[in-house]
Structures are given as structure tokens and as C-alpha cells.
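Notes follow once the structure below has been shown.
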Amino acid sequence: MFSFFIRKGVRKILKRKDSDAGEKGRALEDLRASLFNQFRSSEGAKRQQQRICGPAVALSFNFLVAVGIIFMNKMVLQTVKFKFPILLTLIHYLVSWFFMALLKAFSLLPASPPSKSTPLSTLFTLGFVMSLSTGLANVSLKYNSIGFYQMAKIAVTPSIVLAEFVLYRKKVSFPKALALTVVSIGVAVATVTDLQFHVFGACVALAWIVPSAVNKILWSRLQQQENWTALSLMWKTTPITLIFLAAMLPCLDPPGVLSFDWNLSNSLIIFASAILGFLLQWSGALALGATSAISHVVLGQFKTCVLLLGNYYLFGSNPGKISICGAFTAIAGMSIYTYLNMRQQSNKTSPRQASILPKSKLSKENGSTHDGHYGAESV
């Protein structure tokens with residue numbers, strides 16, 4: 001009798017252990033499924049990017065990398081005497097593709113949305129305008145002064161506003177439009193003392209404006225409206241960009257590439273520039289996904305003003321009182337624009353609260369229905 005109770009107790013303990021093991025196994029399966037959903041699905045990867053890299057982190061990352069690559073490219077073009085801007089851009093994108101291929105090989109590249117969700121023509125257009133935007137920008141910097149280049153960048157802001165209105169019926173509020181006007185005037189005044197340009201360089205700068213605007217709009221739109229992350233979109237579009245850059249190479253670069261002194265020192269500097277180019281492309285995509293095309297342009301103009309004022313206060317350069325006043329005016333306009341953006345975000349209804357209401361009730365309260373891309377959107 002005593003042995004019977006012992007066997008019965010042992011069986012209960014074993015059953016309890018089997019039950020605990022089953023629960024632990026199910027918990028591990030749930031955890032694995034959760035991790036798979038976060039990293040290997042496009043929706044999970046997008047949520048992960050939004051959680052880790054918010055607007056402040058993305059803009060700060062892009063600002064720091066952009067300032068660093070300015071000095072690095074200046075070293076490549078002036079110290080190393082590498083006078084091939086399209087080839088330099090091509091090297092940057094080749095290195096970027098190599099790094100993303102490594103991430104893909106180790107299963108660290110975020111998943112892309114299903115192929116049916118985004119038309120192939122959209123990805124092709126993005127790759128094409130990206131090659132024009134980056135390549136023509138470097139050619140413009142070669143033939144024109146930085147001041148003239150910044151003047152051309154001012155035209156990107158109204159181009160984005162016009163393109164977003166035509167394509168998506170997206171409107172800019174009057175206070176924001178006024179703040180952007182102040183920013184543009186301030187940057188123009190800050191760089192007006194350095195307007196040296198070449199006729200061919202001026203034509204390239206004008207041709208660069210529209211592709212640059214479309215490039216920023218598509219990067220922002222695809223990440224915010226669909227489940228694309230920065231790296232997955234870079235992986236899909238970089239091969240297209242490489243093809244068009246290779247086609248532009250004989251047309252816009254001077255001859256003599258093979259005669260360049262490819263020693264170890266020069267090659268390391270160019271490779272370091274390419275690494276920063278990858279980080280610049282990635283950080284720019286993150287910033288566009290977290291904010292908007294116009295905010296990214298304003299960040300670039302803020303970088304210009306900070307560099308001008310930094311050279312004045314830290315290194316004793318004297319751009320003139322007019323340029324300094326223009327830089328402070330532009331920064332004041334940027335501060336107002338940032339404040340208006342923050343106020344708009346705080347006034348928006350919480351998505352969770354909106355999702356609680358029935359769809360029909362939301363439609364009645366809004367007084368209208370959304371019809372694809374034809375609904376007017378105000379920013």
C-alpha cells in the first residue's frame with residue numbers, strides 16, 4: 001500500500017513536469033514567433049524602426065553624418081585631387097550595396113513588403129531620380145561654389161510643395177509657408193556673397209532641382225504610407241541607381257580615371273568617404289521616413305547656417321555681417337517651423353482613440369470620406 005502511494009505521487013510529479021515543460025516550450029515558440037514578426041516581416045520591421053529611430057534621432061544622425069561627409073568629400077576632391085564626381089558617387093553606392101548584401105547574408109536586412117504592394121515602376125522611378133539627385137549634386141559642387149549650390153537648394157522647397165500638391169493634394173498651412181519663406185530668404189542672404197558658378201554647372205544645378213524634390217517625396221511617401229523601412233528600400237533601389245550612374249559616367253565625368261594615382265592612402269580616403277556615403281544615404285532615408293520631405297530640406301539648410309556660424313565663431317572666418325544676419329534669420333524661421341510642426345503633432349487625435357470609434361461615426365464626424373490620393377491633406 002505504501003509503495004502504491006509513492007508510485008502515484010511520482011506519476012503526479014512527472015505529469016506536472018511534463019506540463020511545465022510544455023508550457024515553457026509554448027512560451028519559447030511564442031517568443032520566437034514574436035521575434036520573427038518583429039524582424040522578418042515588413043510590418044514588424046517598420047514598427048521596430050519607428051520605435052528605435054524617432055524624428056529627433058533620425059534628424060540628429062543625418063545632421064552629424066552630413067557634416068562629416070562634407071569635410072571628407074572636400075578632402076577627396078581637393079587633397080586627393082579625385083576629380084570624378086559621378087565615379088565617386090558610383091563608388092559610394094557600390095559600397096552601400098556591399099554592406100547591405102552582408103546584412104542580407106546574415107539575415108539582418110529588414111524584410112520588404114510584398115511585391116504587389118508597391119508597383120515596380122515606383123521603385124524604378126525612385127532609383128532613377130536618386131541617381132540624378134546624388135550624381136548631379138556632386139557635379140554641381142565641382143563646377144559651382146557652395147553658395148550657388150545652396151541657392152539652388154532653396155528652389156527645392158517650393159518644388160516639393162508644388163509636387164506634393166499636384167500629386168497628393170497635400171497643402172501647406174499659411175504659417176508654415178511663411179516660416180519656410182523666412183528660411184529661404186535667410187539662407188539666400190547668408191550665401192549671397194559666394195555666388196561663383198560655371199555656365200555648365202548652372203545648367204546642372206537647375207536640372208538637379210526637380211529630381212531632388214521627387215527623390216525626397218518618394219522616400220518619405222513609401223516609408224510612411226507603406227511598410228517600407230529605410231534599409232529594405234535602399235536594397236531594392238540601389239541596383240537601379242548603379243545602372244543609371246554607370247550610364248552617366250562617360251557623359252559627365254572627365255577622362256583620365258585610369259591614370260589616377262590609386263595608392264593605398266588615396267584609396268583609404270575614398271573608401272572612408274564611401275562609408276560615410278552609406279551612412280548618409282541610410283540616415284537621410286530614416287529622416288525622410290520619420291518626418292517629411294520639407295523637414296529634410298529645412299535640416300539641410302540648418303546645416304548650412306551652422307557651418308557658416310561655426311566657421312565664424314570657432315575658426316575666425318569673416319563671411320560678413322550680412323551673411324551672419326541671414327544665417328540667424330534662417331535659424332529663426334526654422335525654429336518657428338519646428339514649433340508649428342510640434343504643435344500640429346500634439347493637436348492630432350490619438351490613433352488609438354480614433355480606432356475605437358466606428359468607421360461610419362468617424363466619417364460623419366469628419367464630414368467627408370477619403371478617396372485614395374484625391375483627398376486633400378493639410379500640413
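Note: hydrogens, waters and symmetry copies are ignored here, and every other heavy atom, side chains too, is used.
Nearest approach of V65 to S283, heavy atoms of both residues: CB-OG, 4.2 Å. Contact record, N215 with S133: ND2-OG, 3.9 Å, taken as the closest heavy-atom pair. Residue G333 comes nearest to V182 through the heavy atom pair CA-CG1, 4.0 Å, listed as atom of the first residue, atom of the second, then distance. Nearest heavy-atom pair, S273 versus V76, reported as atom, atom and distance to 0.1 Å: CB-CG2, 3.9 Å. Closest non-hydrogen pair, V187 versus C305, comes out as CG2-SG, 4.3 Å. A pairwise comparison of heavy atoms in L288 and Q224 identifies O-NE2, 3.4 Å as the closest pair.
The cationic atom of K171 (NZ for Lys, CZ for Arg) does not lie both less than 6.0 Å from the six-membered ring centre of F165 and within 45° of the ring axis.
No side-chain heavy atom of M334 sits less than 4.5 Å from a side-chain heavy atom of L299. Here the side chains of V156 and W208 are in contact, with some heavy-atom distance below 4.5 Å. In this structure the side chain of L87 reaches within 4.5 angstrom of the side chain of L90, judged on heavy atoms. Between I86 and N138 the shortest side-chain heavy-atom distance does not fall below 4.5 Å. The shortest side-chain heavy-atom distance between M234 and W219 falls under the 4.5 Å cut-off. Using a 4.5 Å heavy-atom threshold, the side chains of M130 and L245 count as separate. Side-chain contact between M72 and I269 is present, with at least one heavy-atom pair separated by less than 4.5 Å. Contact annotation: the side chain of T157 approaches that of Q301 to within less than 4.5 Å [non-hydrogen atoms, C-beta and beyond].
For W262 and N266, the side-chain atoms include no donor-acceptor pair closer than 3.5 Å. Looking only at atom types and distance, the side chain of Y93 has a donor-acceptor partner in the side chain of T134 under 3.5 Å away. Side-chain contact annotation: S295 with S292, donor-acceptor N/O pair under 3.5 Å present. H296 and T291 share no side-chain donor-acceptor pair at under 3.5 Å. Inspection of the W228 and T118 side chains reveals an N or O donor paired with an N or O acceptor under 3.5 Å.
When the side chains of ILVMFWY residues are joined at heavy-atom separations under 4.5 Å, either directly or via intervening members, L180 and L162 end up in two distinct hydrophobic clusters. In the hydrophobic cluster analysis, where Ile, Leu, Val, Met, Phe, Trp and Tyr join through side-chain heavy atoms closer than 4.5 angstrom, V306 is grouped together with L64. Residues V257 and V80 fall within the same hydrophobic cluster, defined by Ile, Leu, Val, Met, Phe, Trp and Tyr side chains chained together at heavy-atom separations under 4.5 Å. A continuous path of ILVMFWY side-chain contacts below 4.5 Å connects I275 to I270, so both sit in one hydrophobic cluster. Hydrophobic clustering, with ILVMFWY side chains joined whenever heavy atoms are under 4.5 angstrom apart, groups W97 together with F106.
Note: L233 CG to L126 CG = 5.5 Å, rounded to the nearest 0.5 Å. Atom CZ of R221 is separated from atom CD of E164 by 7.5 Å, given to the nearest 0.5 angstrom. I209 CD1 to I160 CD1: the interatomic distance, rounded to the nearest 0.5 Å, is 11.0 Å. Residue I185 holds its CD1 atom at 9.0 Å from OG1 of T329, rounded to the nearest 0.5 Å. From L136, atom CG reaches atom OG1 of T89 across 9.5 Å, with rounding to the nearest 0.5 Å. Between the CZ atom of F99 and the CG atom of L109 there is a distance of 14.0 Å, given to the nearest 0.5 Å.
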Inset, instruction - Starting from the C-alpha separation in whole Å, work towards a yes-or-no answer on side chain to side chain contact (heavy atoms under 4.5 Å, CB included) for I336 and L178. - result: CA-CA 9 Å; I336 296 172; L178 190 60; over 6 Å; no
Inset, instruction - May I have the step-by-step check of side chain to side chain contact (heavy atoms under 4.5 Å, CB included) for L231 and L103, ending in yes or no? - result: CA-CA 10 Å; L231 283 174; L103 293 175; 4.2 Å; yes
Legend entry - M248 vs D253, side chain to side chain contact (heavy atoms under 4.5 Å, CB included): CA-CA, chis, key distance, verdict: CA-CA 8 Å; M248 293 164 59; D253 266 2; over 6 Å; no
Inset, instruction - Could you check Y337 against Y339 for ring pair (Phe, Tyr, Trp, His ring centres under 6.0 Å), going step by step and ending with a plain yes or no? - result: CA-CA 5 Å; Y337 178 79; Y339 166 74; over 10 Å; no
Legend entry - side chain to side chain contact (heavy atoms under 4.5 Å, CB included) between L280 and L276, worked out: CA-CA 6 Å; L280 180 67; L276 285 177; over 6 Å; no
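Judged as a side-chain hydrogen bond (donor to acceptor under 3.5 Å, both in side chains), the pairs with a partner in residues 231-247 (not counting sequence neighbours) are, in order, T229-S232.
Relative orientation of the W282 and F278 rings is parallel, given thresholds of 30° and 60° on the angle between their planes.
Of the candidates L167, T125, L123, T125 is the only one forming a side-chain contact (heavy atoms from CB on, under 4.5 Å) with L218.
The local environment of CZ in F200 is crowded, with over 12 non-hydrogen atoms from other residues, nucleotides or ligands closer than 6.0 Å.
A side-chain donor-acceptor contact under 3.5 Å links Q223 to the backbone of A285.
Ring centers of F244 and F124: under 6.0 Å apart, within the cut-off. Aromatic ring centres of F61 and F63 lie farther apart than the 6.0 Å criterion allows.
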